[in-house]
Every structure is written in C-alpha cells, then in structure tokens.
2 protein chains.
Amino acid sequence: MASKPSVSAHDVAERAGVSRSAVSRTFTPGASVAPETRERVLKAADELGYHVNHLARGLMRRESGIVCLIVSDAATPYRSALLRELTIHLQNAGKVVMLINTDRSDDSVGQALRQAIRYQADASIILSGLPDKSITQLCLKNGQRLVLINRDDDQPGPLKINLNDEEASSRIALAFERAGCRHVAFANSDARTPSLMARERGFSKAAEALGLEVTVERYGWTGYEAGKVLAHRLLTRKIRPEAVFCATDLLACGFMDAARHEFGLSIPGQLCVAGFDDIEQAGWESYQLTTFAQPLASIAEAAVSWLCSAPEETAMSVPSVLIEPQLIWRKSVRGG
Amino acid sequence: MASKPSVSAHDVAERAGVSRSAVSRTFTPGASVAPETRERVLKAADELGYHVNHLARGLMRRESGIVCLIVSDAATPYRSALLRELTIHLQNAGKVVMLINTDRSDDSVGQALRQAIRYQADASIILSGLPDKSITQLCLKNGQRLVLINRDDDQPGPLKINLNDEEASSRIALAFERAGCRHVAFANSDARTPSLMARERGFSKAAEALGLEVTVERYGWTGYEAGKVLAHRLLTRKIRPEAVFCATDLLACGFMDAARHEFGLSIPGQLCVAGFDDIEQAGWESYQLTTFAQPLASIAEAAVSWLCSAPEETAMSVPSVLIEPQLIWRKSVRGG
DNA sequence: GTCACGCTTGCAAGCGTGTGCAAAGACTGC
DNA sequence: GCAGTCTTTGCACACGCTTGCAAGCGTGAC
C-alpha cells in the first residue's frame, strides 16, 4: 500500500479551481466563504477523499483538540464506567481522547503527563495516582487545563471534582444504627486514597457520635480479593460486627461472598453490608447491595463543560465541584 | 495563565549556542550528533522545560505514533480488560492510544475512522461494530493499518485476530455429555456477532454429533439482564435443559442468578452452566463459573507486534491469527 | 604534504494548515 | 454615475519540526 496517499488542501484547491485559502476556510466554521465556492470545494474534497489534517491544524491553532485521560485500574467496574462516560461526553463536545494507563511504575503519571504535553493536549483529566505538586505545575505551565477527580488536591489551577464522601458515609452509620446494630465496622483497602479515607472518617465519626462500637480494618488493593481477606479479619473477631460498611462495592462483593460461603452468614439477617460506587454487580441478584451511586454523568458533564468553557470564564469560576452521591437502597441492609 | 508558554527547538538552540538542527537531532534516536553538543542541548532543554512537539514531528515524519482504539461497550468487564491490555502493550511499544467510543449511532464506526484519519493515526484497532467494506477500505486507502479483533472480515489488508470459538465450544458439548446431560441448551444474545454465532454453531454441531438434544435461544443485548431473560425462557420449557452453555460470561452470571434465586436450582447439582471470556466475576465465589479464558495478553501482543513491524514484513506475513481459548474448570459443571 | 575518509553541523527546503491584510468585486443609496 | 460599505478571495507568512546536502574539521595512511 502506498504510504503517501495523503491528499492535501492544495490538491483540492487545484481541482476546484480556487485558492488553498478557500479550501481552508471551507472547513473552518465561521469563516467567510461564498456558498458557491464552498460547494465546489466540498465536491472536490469528496471526490478526492480529503480530510483536514488535524496535526497541522493543531500546530497552527495552538489547540489540538486532544484531551488526555490518565487512569489506573481501568479494567475495574467503576473506573471503566467513568471512563466510558467521560469519553462519550468529550466526543460529543468535539474533543478527542487520548488514553494513558498508569498501572505500572511510580513515575508513570509523570511520564503520562509528559506524553500529553508532547502532543499538545489541551487538557488532562486525572483519575489516578497522587499527582504531586511538581507534576501538576508542569502541566499548567505548558498551558494545559487540568481536572482532578476524587483527588482532593489543594492547589489553585486545576478543577477539582469531589464527592461528598464524608457526609454520605455518615448516613450509612445512621442506617446501621436504625437497623439495630451496635457493633459496626469499616472495611477499607490500604490504598489510602483521599476519597477512601474520607469515607472511613465520615463513617467512624458518625458511628461514634451515635454511640456505636466501631472497628476499622484496612488491607491490600481495593478489589474483590481484599474484600474476602477483610471478611476473614473482621468476622473472626471475638465480638463479630453486625454491620460492615465497605469502602467500595468491589470490596463489598468479596466481603459478602466470604461472609456467606465461608462463614455461612445470611445477609442482611445476621449481617448488614453496604458499599460505595454502585457498580453494575451491586445490582446483581447475588448481591443486591445497598450502596451509593456516583452520578457519573454529572461528573463527566462538570469536567467537560469546564474544559470547553472560555478561558476568562474558567479563571473566574470556582475551581471546585462537590457532588452528592445518591443512596441506593437494596437488600443488604435491614430496614430502608 | 499564559496560553503560549511553549518553548521551541529554536529557543533551546539559542541557549545552547547551536543550530536548530542540532536540537532536533539530539531528540532523534540514531541521528549524528557529537556527545558534547548533545549534552549541552539536553541541559538547555531541561532548563527551559522543552518538549518535542509531536504534532509537528508527525507532520514531517508522516507518522504520528497514534493508534486508534475503536470500541463499543467499553464498560463491560471483558471489553475493559482487553482495552487495558491493548493500552499497556501499545504504550510499551512507544505508541499513544486514541480512544473512540462507538456506542451511539449506526455510522459511529465510520465517524470514528474519519476522526482517526484526521489525526493521521498510524493504525486502528477495531473491537466493535461490523465495519463494512467501504469503511475498511477508507482506512487502508489513507495509509492506516487495521486490526480487527473477533470480527471475521474476509478482505485482504487488515490483520484479523480471531479465537477458535467453534472448536472450543465443541469441547463444552463434550463436557456436558460426560456430565450425563441429555438435554442441553445454548443461550445467546441477539447481537449475532461473528464470534457469538461461531460459538453457537460449534456447540450445536458437536452436541448433535454426540446425540444430545439441543435447543438454542437468543435474546437482547449481550449482558447480565439478557441472561436472566434467557433463563426464564429456557427453564420454563416442558423439557428443562440439564446444561446450558452461555455465549458469554455476563449472560452466564445473569442466567445463574435467575436459575438459583428464581427457580431454586442448585448448580451444578441440577443444572450445569458454562460461559465464555473468563471475566473477573466468573471467578467470584458466587459463580465459580467454568468458562474459556481469552488470552488477552497474546491478543494484544499479536496486534501490537504486527502494527509495529516493518511494512515489507507485514506485506508478507499471513494477516490472520487464530488464538486458542483456554478452558478454566471451576464448579459450575459436574466432573472436570 | 596530500588525499581520502568519517564524523558533525548548519542551511534551507519542505510538511499541511490557519489567518491578517489588502485588493477586487458586488451592492446600496443618493 | 459615484462614493461608501460589505463580502469574498488570494497572497504570503507563520507554526515547530525533520532531513538531504554540502561544507567544515580532524585523523591517519601513503
């Protein structure tokens, strides 16, 4: 196959009998071009199979139309759902997404951002890792906009989208108390992500305020297997908790499976379980997990509309959005 | 923030006291540049925070380093796992991935490919939709390489990676027969994807050859809910099948949940169930599903190494790879 | 001393586009 | 018919980079 079949605006101009500028203007919304020439150009372009070269356009406009999505654990139910939502919203806004995975090394987020800069990305959305100050500034210094989701960074510049984890978690404590549970527990991973810690804090404080006995356990990576381990640790205690709030639905699924199949407990009869995220599996018949739904569409909406707004607007807007999770009552907690 | 903080090779050259070419060559592997100048350039580049502009580089080299991933149902466990694997492999190969979602309209794959062409993508990998001939050719005509995964297109040009669905499915028929089942069923979605149909075909043929009674049911979108509906349809028949092969793990999860919680059946005691894909949930305690694992790493490996090989090599190579799924025995089928 | 050779380096010509500027043309109102 | 206004168009430069070409330089062999 020929490696240089590329037809440029010059070719189209020649065929349509106009100047190259006319071609350029035809494909530039809002440019001044006569309807007749426009049509001639479009016809010639179609016949030749012409496509505007966005690399060159990006070079001129100093705006590539590229938005980087920097993500780890992309195959996880919650992350993949958020990823999908963001991708669709960005596409609808005429942006194109560049996906960067940061599962591997420690500096992988830095590497990713450097890559983003090389491609002149207009913006980056970070769903992973703890971007430290230097990295964030590297990004801003190169003229990118930055969105941090559930990252709780306190520097000015990036848009910060956060869930009201703490308040939501306190509502679960109340629900446990109403279900008649005295000994409750929080099952967390050992990732110590800001949002995970906020959930732990919110739940513990509220439970203690209600006079409940609360124990906290942390273990491993935020996934199904860790949930099973946490179940072993918590359910073999002298005083077994009657209700457990898992920091994540994935943890909750592992926890429930271990509780049922290895400890023979009935849920919610002998044990109440709640989770966070409302991943698809939370609604499956085997779990029917009471949990908090993250309004993914709202999150994506907020991120994209900020990215696409005019510079002067974003300079004025409050660079922080707080989103309320929605409690989904199913059958893993008594009452409701 | 300044929107034009971009430092170009010219600036670096000036600071290092060399020509622009020297800077360019410093960042071009294999170019002729004296160690001493190289070092001076690197120092200056670091001080100024210089990054090569890949848009401009792509413009000159006629090779952008961009690979498009065109995908639908990206939030599905199987798809997101494959997506992750591909992304990581591509990154390791020095490529950058552009993600395009095609959940929406009918022509969305066409739109996606057009977008890919505009950004001069070196290649596209299609995990979704039925790309018809015109679209495929559009892609090749513009000098892109194309990889089709589980798409079974028969034109020359693209690399086709397929699973040996038919042969694998026949092994499940045998397993059911050995488990002592006489009436078996195949639960499929109504998507009629080539690979889904191949599984149906392989299973049916093999089951009939073994003298089993086989019924096929198809319904809806390939997801959990469809699995539940399929269970209702198949388990309310006069002669209830003793074993069901679901075209997909997601279908199988829905099927198992309905079979257990709505029909009170024990698995594998009263009903054998098998699936395909080996999604993470298949290994969860609640399912323990016997299924076929897709060697995702091998798939990604094959795709990426073909994409990165020299043109003359790919012209000679057989543009088709057949991959053997691996049977994972768990507890949803008797025997094993 | 000379010549050939190899390694570096600067020059300049592109790559495909957007856009300011000025000129040309069309049209209106008088 | 003419001045004034508005629309359309082409020219030419800029964007940041790569790379062929030829010149410069140092080295070693004869």
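A, B, ... follow the sequence lines: proteins, then strands. Residue 1 opens every chain.
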* **Spacing between Asp11(B) atom CG and dG16(D) atom P, to the nearest angstrom** => 8 Å
* From Leu159(B), Leu307(B), Leu146(B), residue fulfilling side chain to side chain contact (heavy atoms under 4.5 Å, CB included) relative to Ile125(B) -> Leu307(B)
* To do: Establish, with yes or no, whether the OP1 or OP2 oxygen of dT8(D) is under 4.0 angstrom from a side-chain nitrogen or oxygen of Ser32(A).
  => yes
* Hey, could you give me the CZ/NE2 distance between Arg84(A) and His89(A), rounded to the nearest 0.5 Å? => 10.5 Å
* 5' precedence on DNA chain C between Ala56(A) and Val33(B) (nearest-nucleotide basis) -> Val33(B)
* May I ask you to evaluate whether Ser19(B) reaches the phosphate of dG10(C), defined as a side-chain N or O under 4.0 Å from OP1 or OP2? => yes
* Structure fact -> Arg57(B) CZ to dG16(C) C1', in whole Å, measures 18 Å
* Whole-Å distance between dC15(D) C1' and Asn53(A) CG? -> 13 Å
* Side-chain donor/acceptor of Arg25(A) to base of dG10(D), under 3.5 Å -> yes
* **Between dT8(C) (P) and Glu39(B) (CD): distance, integer Å** => 14 Å
* State which of dT8(C), dG18(C), dC15(C) makes the closest approach to the side chain of Ser24(A). => dG18(C)
* Select base, sugar-phosphate, or nothing to describe what Tyr50(A) touches, counting heavy atoms under 4.0 Å on all strands. => sugar-phosphate
* Structure fact -> Side-chain contact check for Met60(A): nearest option of dT19(D), dC15(D), dT8(C) is dC15(D)
* **Sugar-phosphate only, base, or nothing, as touched by Val23(A) at under 4.0 Å among non-hydrogen atoms** => nothing
* Sugar-phosphate only, base, or nothing, as touched by Val52(A) at under 4.0 Å among non-hydrogen atoms -> sugar-phosphate
* Asked: Any side-chain N or O of Thr37(A) less than 4.0 Å from the OP1 or OP2 oxygen of dT8(D)?
  -> no
* To do: Rounded off to whole Å, could you give me the CZ-to-P distance for the Arg20(A) and dT8(D) pair?
  => 20 Å
* **Side chains of Gln111(A) and Arg114(A), donor plus acceptor under 3.5 Å** => no
* Any salt bridge between Lys43(B) and Glu47(B), counting N to O under 4.0 Å? -> yes
* Asked: With distance as the sole test, does Asn101(B) use its side chain to make a donor-acceptor pair with the main-chain N or O of Asp103(B) at under 3.5 Å?
  -> yes
* When the distance from CG of Asn142(A) to P of dG16(D) is rounded to whole Å, what number comes out? -> 13 Å
* **Value in whole Å for how far the C1' atom of dC17(D) lies from CD of Gln120(B)** => 15 Å
* **Distance-only donor-acceptor test (3.5 Å): side chain Ser21(A), base dC11(D)** => yes
* To do: Report the nucleotide, chosen from dG10(D), dT18(D), dG16(D), that has the shortest atom-to-atom distance to any side-chain atom of Leu59(B).
  => dG16(D)
* Met98(B) side, atom CE; Ile66(B) side, atom CD1 - distance, nearest 0.5 Å -> 4.0 Å
* Structure fact -> Rounded to whole Å, NE2 of His10(B) lies from P of dA14(D) at a distance of 12 Å
* Base dG16(D) paired with Arg62(A) side chain (donor-acceptor, <3.5 Å) -> no
* Options dG16(C), dG18(C), dT9(D), nucleotide nearest the side-chain atoms of Arg61(A) -> dG18(C)
